[in-house]
Amino acid sequence: MERLFIPATAFSPEINFDEISNALNISGESYPENASEFYQPVFDWLTIYCLKPNREIRLEVNLNYYNTSSSKILLQIFEKLESYHQKKGTAAVTWFYPENDEDLLESGKEYSSDVELPFSFASCG
Amino acid sequence: VVYEKLYNSYSLPYNCNVQDIQVVFKGAITQKIIVELGNSVRDKLANEKQIRKVFPVFVELAQNIERYSAIREQNEVEGIKSGVGVILISKINYCYHVSSGNVVENERCGKIRSKLEYINFLNSDELKSFYIKSRKARPDSDSKGAGIGFIEIARKSGSALDFRIIEIDDKYSFLTISVKIKKEK
């Protein structure tokens with residue numbers, strides 16, 4: 001399988017998933033009109049990626065803003081990793097938030113209590 | 001013509017004057033327009049903490065019009081059909097107001113009204129659990145988004161959502177929603 005790279009636009013994030021280093025990165029803005037359509041290639045890639053056991057997956061989420069439909073999709077991505085973490089290997093999430101953005105930190109914490117995945121939080125200046 | 005009148009008379013917050021207006025748009029709302037208006041909002045409010053709440057409320061309300069407005073028009077530049085409505089951001093006494101207005105089918109009004117009334121009835125902890133519960137649930141069949149936009153708007157605002165539904169005829173009504181974002185301490 002190949003690395004998944006989708007360049008950022010003004011309203012959609014950069015997706016950079018590397019299956020060799022197991023570093024998955026989502027960064028930028030996420031408010032596409034149709035979030036399920038935008039994220040479909042991400043799910044397709046993850047489905048194949050998660051077939052292989054014993055990976056040590058590190059997902060980094062570095063979003064400046066995401067709308068509610070993206071919020072739902074993010075949960076589905078976390079749930080996919082949760083299931084991998086429970087059965088096949090390990091997965092952990094690093095949640096980046098702009099310094100002083102309490103709302104975005106709080107949103108990350110809400111995800112961390114909603115799924116069984118290790119979360120760490122880092123402010124990104 | 002009747003819609004024109006409605007857009008003009010009902011979309012402004014109660015005591016808004018022209019000089020209070022920060023951003024306003026009337027017409028078919030596309031993704032591109034949302035990005036452009038959004039950038040302009042971010043520029044204007046760059047030094048204000050409230051931007052972290054105004055921007056999300058603006059996007060949710062604008063995307064609601066884009067997706068659900070009963071009046072749809074072809075955008076000549078982008079060549080796609082999208083919902084018509086009015087979106088306005090104003091600043092009155094240090095508070096920001098994000099307001100939207102669009103035509104909706106009468107058969108959807110009951111559902112919109114009961115959802116907004118229910119959300120207005122909840123306190124912030126209840127809103128949080130309702131948000132988390134609804135995000136995990138499957139969306140309604142008529143929902144093109146996550147179906148949690150109104151809850152998000154209420155959480156960002158911290159005040160009740162001021163909404164009005166005005167019946168136009170036996171098929172359509174005009175929906176306005178106005179959201180207040182207070183100055184942060």
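Lettering of chains follows the sequences in order, A, B, ..., and the numbering in each one begins at 1.
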Contacting moiety of [X], where chain B heavy atoms sit under 4.5 Å:
X	value
A:Q76	neither
A:N67	both
A:I73	neither

Inset, instruction - Taking all heavy atoms of B:S69 and all of B:V84, pick out the closest pair and write down the distance. - result: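 B:S69 and B:V84 have their closest heavy atoms at OG-O, 2.7 Å.
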Legend entry - Test: A:E106 and B:R155 ion pair at under 4.0 Å: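 Salt bridge: no.
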Inset, instruction - Identify whether the distance between the nearest side-chain nitrogen and carboxylate oxygen of A:E102 and B:R52 falls below 4.0 Å. - result: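 Salt bridge flag = no for B:R52 with A:E102.
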Inset, instruction - Would you please classify the geometry between the A:Y49 ring and the A:W45 ring as parallel, tilted or perpendicular, with 30° and 60° separating the classes? - result: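 Taking A:Y49 first and then A:W45, their aromatic rings lie parallel (interplane angle under 30°).
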Inset, instruction - Among the options B:Q63, B:K32, B:K53, pick out the one with the most heavy-atom pairs lying under 4.5 Å from chain A. - result: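 The answer is B:Q63.
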